Amino acid sequence: MRIATWNLNSVKARLPRLLTWLELRQPDVLLAQETKATEQSWPAGELRNLGYESAHLGTGRWNGVAILSRVGLDEVTRGLTGQPEFDGAVEDRAIGASCAGLRLWSLYVPNGRQVGHQHFDYKLRFLDAVRAQAVAERAVRGPAAPYGLLGDFNVAPFDSDVWDIAAFDGATHVSTPERAAVTAIQQASPDSPLHDLMPRASIDAVDARPPYTFWEMRMLGFQKGRGMRIDLALVNDALAQRVESAWVDRDARRGEGPSDHAPLVLDLTD
DNA sequence: ATGTCGTGCAAAGCACGA
């Protein structure tokens with residue numbers, strides 16, 4: 001079984017590449033972010049033609065999250081319990097579902113813009129709502145149920161997760177409170193920690209490069225190797241023990257018209 | 001700090017977000 005998470009940066013702009021990628025890599029579940037789609041514009045028909053059911057949460061120009069599955073799509077949850085608002089609205093940043101016995105979330109954590117910006121505070125509150133969601137579901141489902149929080153966290157957990165930590169002095173994505181908020185999610189249920197699965201940098205069996213998942217469109221970030229590992233898979237023991245391989249599909253970042261993110265792929269035992 | 005994208009509005013140029 002194969003599951004993946006991918007920030008598409010517009011499903012409309014990415015649809016040809018998305019469909020090609022689904023046929024090439026054959027994921028059983030895809031957790032998608034930044035669809036920038038409405039329920040009307042979500043391409044459910046094209047996805048169904050490839051064998052995927054899908055559940056989408058999106059209202060327009062920004063954000064938007066979805067789960068695609070060809071192994072069942074049940075218990076769909078749109079939004080987090082207690083999800084904070086920004087500018088008076090709950091944004092389309094979280095959708096959960098159960099797929100073939102796995103409880104999975106597709107998350108698009110707010111960017112934060114600048115440390116100290118109100119959007120940064122919103123980011124921290126959102127991450128705390130993710131933590132609370134994990135605690136609540138852990139209480140209901142128990143530690144034996146495979147559980148994963150996947151998506152664009154907009155946080156690089158370690159200094160080595162960015163191309164040059166000196167270039168990020170004072171920046172978001174690497175600050176202490178953001179990293180502490182991610183750690184708090186992982187440790188929310190101390191008897192059932194969530195592991196930050198470290199992927200390989202590519203599908204190759206051995207790849208010594210850093211496993212970045214995002215490269216800026218500006219300044220030729222990909223071409224210059226200026227990347228960040230900000231798309232994460234936080235999974236409990238029950239799911240982690242089924243992971244045979246985790247890797248970044250950096251080939252999806254190449255060529256004409258890519259997203260600025262590459263998919264993070266998990267290959268599981270059946 | 002931004003040299004690139006993507007979106008939507010109102011209209012082929014901008015504002016906004018990342």
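FYI, side chains are in, hydrogens and waters are out, and symmetry mates aren't considered; it's all heavy atoms of this structure. Remember, it's a predicted structure, so these values are computed and weren't measured experimentally. A, B, ... follow the sequence lines: proteins, then strands. Residue 1 opens every chain.
- Nucleotides B/dT2 and B/dT7 are separated by 23 Å at their P atoms, to the nearest Å.
- Look at CG on A/D92: it is 16 Å from P on B/dT7, rounded to the nearest Å.
- The two residues A/D28 and A/Y52 have their closest heavy-atom pair at O-CE2, 4.0 Å.
- In this structure, A/R218 atom CZ and B/dG6 atom P are separated by 14 Å, rounded to whole Å.
- Separation of the A/H173 and A/F168 ring centroids does not fall under the 6.0 Å cut-off.
- At whole-Å resolution of the value, CZ in A/F86 and C1' in B/dG17 are 11 Å apart.
- Atom pair A/K123:NZ and B/dG17:P shows a separation of 16 Å (rounding to whole Å applied).
- For A/R14 and B/dG6, the shortest distance from a side-chain N or O to OP1 or OP2 is below 4.0 Å.
- Across the C1' atoms, B/dA18 and B/dG3 are found 15 Å apart, a figure rounded to whole Å.
- Remark: P of B/dT2 and CZ of A/R226 are 15 Å apart, rounded to the nearest angstrom.
- Between A/F214 atom CZ and B/dC5 atom C1' the separation is 11 Å, expressed in whole Å.
- Side-chain atoms of A/T5 and A/D231 form no donor-acceptor pair, as typed in the model, at a separation below 3.5 Å.
- Going from atom CH2 of A/W163 over to atom C1' of B/dT2 covers 12 Å, rounded to whole Å.
- Rounded to whole angstrom, the span from the CG atom of A/D87 across to the C1' atom of B/dG17 amounts to 13 Å.
- Side-chain contact annotation: A/W21 with A/D249, donor-acceptor N/O pair under 3.5 Å present.
- The residue among A/D260 and A/S10 whose nearest nucleotide of DNA chain B lies closer to the 5′ end is A/S10.
- Toward the 5′ end of DNA chain B lies the nearest nucleotide of A/K36, the other residue of the pair A/R113 and A/K36 mapping further downstream.
- For A/Y108, whose side chain is taken as the heavy atoms from C-beta onward, the closest listed nucleotide among B/dA18, B/dG6, B/dA1 is B/dA18.
- Summarising the local packing, CZ of A/R209 is surrounded by more than 12 heavy atoms from other residues, nucleotides or ligands at distances under 6.0 Å.
- Of the side-chain N and O atoms in A/R61, none sit less than 4.0 angstrom from OP1 or OP2 of B/dG17.
- Across the P atoms, B/dC16 and B/dA10 are found 14 Å apart, a figure rounded to whole Å.
- Straight-line distance between the P atoms of B/dA1 and B/dG13: roughly 29 Å, to the nearest whole Å.
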